[in-house]
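In what follows, every chain begins at residue 1, and chains take the letters A, B, ... in the order their sequences are listed. No hydrogens, no waters, no symmetry mates; every other heavy atom, side chains included, goes into these values.
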Amino acid sequence: MSRNEPIAVIDFETTGMTPAQGARATEIAIVLLQDGQIVDRFQSLMRTGARIPAFITQLTGITNAMVAGAPPAHDVMREAARFVGGAQMVAHNASFDSKFWAAELAHADIRATQGFACTVLLSRRLYPQARSHSLGNIVDHLGLPRAGRAHRALADAEMAAFLLARIQRDLRETWGIEEPGFEVLNGLQRCARPAVARWLARHRDLGATQ
DNA sequence: TGCCAGGCCCTCTTTAGGGCCTT
């Protein structure tokens, strides 16, 4: 039996909504998920020199003093890039984290090459009955464990990994897709929502004939 | 001075508007 390639589930805490407006990362966490299990973890605060607004400190608990004592961002990002290696990546609302991944790597003179899949898009397709697809709410809706303090990078990355593991399990057990790796996740998240059931059935049948 | 993210997705839509999701 072949093993699925590990997927790197990432979460950033930042000073704002987008690097396009000058926001910088304050903390990064990445967990490697393989065959439904977290097999490795990476977490670090990072120092960029950017000021953390008070409301962000209230949200995350990360203070200016905490990041002042953290290693420089370019060192952290080099280490993060080594940790991820050639793995594909997943985040909860990947449009947010993928931009910070690319921007913070660029500050360290590293080009981002990884693909991203998004657990928000996947959750909306697989669990349309959920009232909310925010990370905390969908984790509660599915009865998954809380991993620690919400809005800290490692806890949120672990919860997103639990969600991803559940998505992969449901793709196998409910939809009959034997190896729901990154390519399947990427295809499903791009599928128009009204066509999701048809896409899943076709993918199951294609997999069964291979 | 005025502006201030942006992609997804639903609907009382498509010549548009607004909520969701991330910090």
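Counting only distance, with no hydrogens or angles, the side chain of Gln168(A) and the backbone of Pro180(A) share a donor-acceptor pair below 3.5 Å. With hydrogens and angles disregarded, a donor-acceptor distance shorter than 3.5 Å links the side chain of Gln88(A) to the backbone of Gly115(A). Looking at Arg125(A), its side chain does come within 3.5 Å of a backbone N or O of Leu121(A) through a donor-acceptor pair.
dC3(B) and dC8(B) have their P atoms separated by 26 Å, with the value rounded to a whole Å. Here, dC12(B) and dG17(B) have their C1' atoms 11 Å apart, quoted to the whole Å. One P atom belongs to dG2(B), the other to dG7(B), and the distance between them is 27 Å to the nearest Å. For dG18(B) and dC4(B), the P atoms lie 14 Å apart once the distance is rounded to whole Å. Distance noted for atom C1' between dG6(B) and dT23(B): 14 Å (whole Å).
Taking a cutoff of 4.0 Å between a charged side-chain nitrogen and a carboxylate oxygen, Arg24(A) and Glu104(A) qualify as a salt bridge. Remark: Asp140(A) engages Arg146(A) in a salt bridge, criterion side-chain N to carboxylate O under 4.0 Å. For Arg166(A) and Asp170(A), the salt-bridge test passes: some basic side-chain N is under 4.0 Å from an acidic carboxylate O.
For residues 131-174 of chain A, no pair satisfies ring-ring contact (aromatic ring centres under 6.0 Å, His included), with sequence neighbours left out. For residues 167-189 of chain A, no residue pair satisfies the ring-ring contact (aromatic ring centres under 6.0 Å, His included) rule, not counting sequence neighbours. Within the structure, ring-ring contact (aromatic ring centres under 6.0 Å, His included) pairs that include any residue of residues 64-88 of chain A comprise Phe42(A)-Phe83(A) (at least two apart or interchain). Sorted by first then second residue, the ring-ring contact (aromatic ring centres under 6.0 Å, His included) pairs that include residues 15-35 of chain A, not counting sequence neighbours, number zero.
Qualifying salt bridge (Lys or Arg N to Asp or Glu O under 4.0 Å) partners for Arg78(A), counting only residues two or more places apart in sequence or in other chains: Asp75(A). Contacts of Glu158(A) classified as salt bridge (Lys or Arg N to Asp or Glu O under 4.0 Å), with partners at least two apart in sequence or in another chain: Arg41(A). Applying the salt bridge (Lys or Arg N to Asp or Glu O under 4.0 Å) test to Arg149(A) and every residue at least two apart in sequence or in another chain returns nothing.
Within 4.0 Å of Ser132(A), counting heavy atoms only, lie sugar-phosphate atoms of the nucleic acid but no base atom. Within the nucleic acid shown, Asp97(A) has no heavy atom closer than 4.0 Å to any nucleic acid atom. Heavy atoms of Phe12(A) sit under 4.0 angstrom from primed sugar atoms or phosphate atoms, though from no base atom. Within the 4.0 angstrom heavy-atom criterion, only backbone atoms of the sugar-phosphate kind lie near Thr60(A); the bases stay farther away.
Between Phe100(A) and Phe96(A), the two ring planes are tilted [angle within 30° to 60°].
Bounding nucleotides for the chain A contact on DNA chain B, 5' to 3', at a heavy-atom distance below 4.0 Å, are dC4(B) to dT23(B).
Non-hydrogen atoms lying under 4.0 Å from DNA chain B are contributed by Leu121(A), Arg124(A), Arg125(A), all within residues 117-131 of chain A. Within a heavy-atom distance below 4.0 Å of DNA chain B, no residue of residues 63-78 of chain A is found. At a non-hydrogen distance threshold of 4.0 Å, His151(A), Asp156(A) from residues 140-167 of chain A come into contact with DNA chain B. Less than 4.0 Å separates DNA chain B from at least one heavy atom of each of the following residues of residues 189-196 of chain A: Arg193(A).
Under a cut-off of 6.0 angstrom, the local environment of CZ in Arg51(A) is sparse, with at most 12 non-hydrogen atoms contributed by other residues, nucleotides or ligands.
Just one residue in the list Gln43(A), Glu13(A), Met46(A), Glu79(A) forms a side-chain contact (heavy atoms from CB on, under 4.5 Å) with Ile28(A), and that residue is Met46(A).
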